[in-house]
Amino acid sequence: MVAGPARRLLGCVVDGAVLTGVSIVLAVPVIAEAPDLTFGAPLALGLLGACYTVVPVALWGETYGKVVARIRVVDELTGAPPSWRQATVRWAIGAAATIVWLAVGRGTGAGPLLLAGAGSQVVIYGGVLWDRQRQGLHD
């Protein structure tokens, strides 16, 4: 059974809160020591997000947020947690707009790029609301 939008949103909010908290704890000392660090910190935080998402999804099909929301990611054919490749691609599709914004537009006043990034998130995750199987492109 595919999880509905409310449970998916709950999982996303919990995961976002965990990642934000960990990011703040890790970033504050780094920024205090090297306030002019412009690329390394976002890259490190991006890697943290990738590890937080890919590793538990590939191993168990769940992040902490998914545990709280009582949902699991499974391979549709086998019912098992996704492979490492599947978990990585799933994360990368959702993170693509953020990665592009950080790599290209960060600090350049790239409003249109940021707007395009937000629009891409609607395209990626919107299927959860209107797709018959409640699946986004990342699924």
Side-chain angles (χ1 to χ4, degrees):
M1 181 171 151
V2 178
R7 288 183 31 206
R8 285 176 176 237
L9 179 61
L10 172 62
C12 184
V13 168
V14 170
D15 284 337
V18 169
L19 277 171
T20 299
V22 171
S23 297
I24 289 170
V25 168
L26 295 177
V28 168
V30 171
I31 292 170
E33 290 295 319
D36 59 339
L37 188 62
T38 58
F39 188 72
L43 179 63
L45 295 175
L47 289 173
L48 173 69
C51 291
Y52 175 83
T53 303
V54 172
V55 173
V57 167
L59 293 175
W60 306 291
E62 299 173 304
T63 59
Y64 182 68
K66 287 173 181 47
V67 170
V68 170
R70 297 183 327 216
I71 57 178
R72 283 184 37 151
V73 179
V74 296
D75 182 298
E76 187 176 32
L77 299 176
T78 66
S83 68
W84 285 94
R85 180 177 178 270
Q86 290 169 318
T88 302
V89 168
R90 187 176 195 278
W91 167 81
I93 289 171
T98 304
I99 292 168
V100 168
W101 180 73
L102 286 172
V104 177
R106 188 172 176 272
T108 63
L113 187 62
L114 187 58
L115 186 59
S120 70
Q121 297 300 302
V122 171
V123 170
I124 292 166
Y125 296 107
V128 171
L129 298 174
W130 60 71
D131 180 70
R132 202 179 64 179
Q133 293 181 301
R134 294 189 201 156
Q135 293 180 314
L137 292 177
H138 68 300
D139 290 322

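Note that NZ of Lys66 is 8.5 Å distant from CZ of Arg8, once rounded to the nearest 0.5 Å. If you take CZ on Arg90 and OG on Ser83, they are separated by 12.0 Å, rounding to the nearest 0.5 Å. Interatomic distance, CD of Glu62 versus CZ of Arg70, reported as 12.0 Å (0.5 Å rounding).
The shortest side-chain heavy-atom distance between Asp75 and Pro81 does not fall under the 4.5 Å cut-off. For the pair Leu59/Trp84, a side-chain contact is recorded, criterion being any heavy-atom separation below 4.5 Å from C-beta on. You'll find the side chain of Val57 stays beyond 4.5 Å of the side chain of Trp91, heavy atoms only.
The only member of Val14, Thr63, Asp15, Val18 that meets side chain to side chain contact (heavy atoms under 4.5 Å, CB included) when paired with Val68 is Val14.
Considering every non-hydrogen atom in both Gly61 and Pro82, the closest pair reads CA-CD, 4.4 Å.
Taking hydrophobic clusters as Ile, Leu, Val, Met, Phe, Trp and Tyr residues chained together by side-chain heavy-atom distances below 4.5 Å, Val54 shares a cluster with Trp60. Hydrophobic cluster membership differs between Val67 and Leu19, with clusters built from Ile, Leu, Val, Met, Phe, Trp and Tyr side chains linked at under 4.5 angstrom.
Thr53 pairs by the side chain to side chain donor-acceptor pair (under 3.5 Å) definition with nothing, not counting sequence neighbours.
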